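For clarity, every value in this text was computed on a predicted model and none was experimentally measured. What you see below is based on every heavy atom in this structure, not just the backbone, and it leaves out hydrogens, waters and symmetry mates. First the proteins, then the strands, lettered A, B, ... as listed; each starts at 1.
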Amino acid sequence: MSVRVRMAPSPTGFLHIGGVRTFLFNWLFARHHGGELRLRIENTDTSREVAEAVDQIEESLRWLGLDWDGPTTFQLDRIDDCRDVAQRLVAEGRAYEDEGAIRFRMPDDGVTGWDDAVRGRVEVANETIEDLVLVRSDGRPTYNFASPLEDVWDEITHVIRAEDHISNTPKQINIISAVGAELPVYAHLPNVNGPDGKKLSKRHGATGVDEFRRAGYLADALVNFLALLGWAPDGETTIMSRAELVERFSLERVTPSPAQFDYAKLDWMNGVYLRALPGDEFARALVVWLGEQGYDWDAQLVRRAAPLVQEKIQRLGDFPAFAGFLFHDVAPDAAEPDGGGPMLAAARATLAQLEPFTAEAIEAALRAVADGLGLKPRQAFQPIRVAVTGSRVSPGLFESIELLGRETTLARLAAASR
RNA sequence: GGCGCAUUCGUCUAGUGGCCUAGGACACCGCCCUCUCACGGCGGCGGCACGGGUUCGAAUCCCGUAUGCGCCUCCA
């Protein structure tokens, strides 16, 4: 049997990272089984629809590399079909009018249950399920009516969604049963919470896909990280390519308990991905990202600086603060302990004459100077670093000086000596 | 309050009755490497929520309690 699943965002704004995790699992499931993945916008409520939201959602999914099959569909387009079904249910006595709305008559006794692909058997007593509004008094169908109907019409085989839908499931099962259709398999994924165990929100940090993109995370890293929230192929593997993710993914190995979003681990993983990039690809990613963020820094210099920072930054967004001294003036750190004066003067004199002005030659020359002054490397180089880069933390000093060039280096050394 | 779901190191997880004196990863701490930072290497800290069962034997099965979360909208 071939599988068909769907991603069903409501167009209320940017794509939330928690939603992305749900979409990712649908994507992994579909691709693993060679099935189809639909993108369905759940807009029963036109008042909340933001025109740009759909474009933004699609753009985010494209950036993440989560592709879908067929055209994007809209719940709103099937509003009439929903109403027809509601009328039929009324005619059959399965639903009734209530102050202008149409309500579904839930069974009064017995239980409604299903075998959840993640949690096993789940059962709910029917007496605890209230009669559900199918169509509002203004004629618009509700989510819990339209969504299951669309699953039927779209021939969705597996409904993979977050656990906050567990309570909706028995309602939707009764709707589907009432229209005589076959039930999909349900799989309720654990929620993704913030570091404090509460619902992931702004105060925890980035929550929108676009925010992660702006911060300089790689889509591959984000996907890898998200895949591990509620799923693991085994006990050790953490870094996995998309192909491996697709190959190894299974609903059976999804855990039922909620996960917390660990920003520190994401940072680490992004660093792993950054370091794994071939040098030229890393450089290109840097150039592209800087361009997107509005930096007009010289691309050629960025490419030359790339190798100096690839092992040292975790996010592309760390680059401006870490290597910005190559692109703009710096304000030396006045707090640097003294004792650097002689070294600065000696370095200035030496570098003024040095040929060739390469990292290798610069290092040899400065080490010789340090030796002459009887200084430990650390004592000798730290004042220079601060003078030249404006920071106590920087890429390799000698490579940085080479890139900066003799003129600028001497000027900064001079400025720091005053 | 009702109904439901969940509960292994701080975090993500492995574990499906004996292989567990519970394994891996992130974070944290220490050491090494070292021009700073980072990378890398080595080591350390740290957990089966609690209480009852079942069993020769339980992190693993059952029951209860506690805690957290979700839903209970003519929101999605």
Side-chain donor/acceptor of A:Asn168 to base of B:A76, under 3.5 Å
yes

Side chains of A:Asn270 and A:Trp268: any donor to acceptor distance under 3.5 Å?
no

Nucleotide B:A25, atom P - distance to CE of A:Met269 in whole Å
13 Å

Shortest side-chain distance from A:Ile166, nucleotide among B:C12, B:C5, B:C74
B:C5

Any-strand Watson-Crick or G-U partner of B:G18, both distances under 3.5 Å
B:C56

Compare all side-chain heavy atoms of A:Pro377 with those of A:Gln382 and state whether any distance is below 4.5 angstrom.
no

To the nearest angstrom, the CG-C1' distance between A:Asn144 and B:U73 comes to 10 Å

A:Tyr273 OH to B:C26 C1': how many Å, rounded?
15 Å

Start at the 5' end of RNA chain B and walk down; is the nucleotide closest to A:Thr238 or to A:Pro256 reached first?
A:Pro256

Closest non-hydrogen atom pair between A:Arg406 and A:Leu351, with its separation:
NH1-O, 2.6 Å

B:C75 OP1/OP2 closer than 4.0 Å to side-chain N/O of A:Arg136
yes

Pairing partner of B:U11 (Watson-Crick or G-U wobble, both distances under 3.5 Å):
B:A25

B:G15 phosphate, OP1 or OP2, under 4.0 Å from A:Arg253 side-chain N/O
yes

Quick check on B:C35: is either OP1 or OP2 less than 4.0 Å from any side-chain nitrogen or oxygen of A:Arg367?
yes

If we call it a pair only when both distances are under 3.5 Å in a Watson-Crick or G-U wobble match, what pairs with B:U65?
B:A49

Of the listed B:C37, B:C26, B:G70, the closest approach to the A:Asn191 side chain comes from B:G70

Please tell me if A:Lys198 has a side-chain N or O lying less than 4.0 Å from either OP1 or OP2 of B:G68.
no

Is any side-chain N or O of A:Lys312 under 3.5 Å from a base N or O of B:U36, one able to act as donor and the other as acceptor?
yes

Distance-only donor-acceptor test, A:Arg378 side-chain atoms vs B:C35 base atoms, 3.5 Å:
no

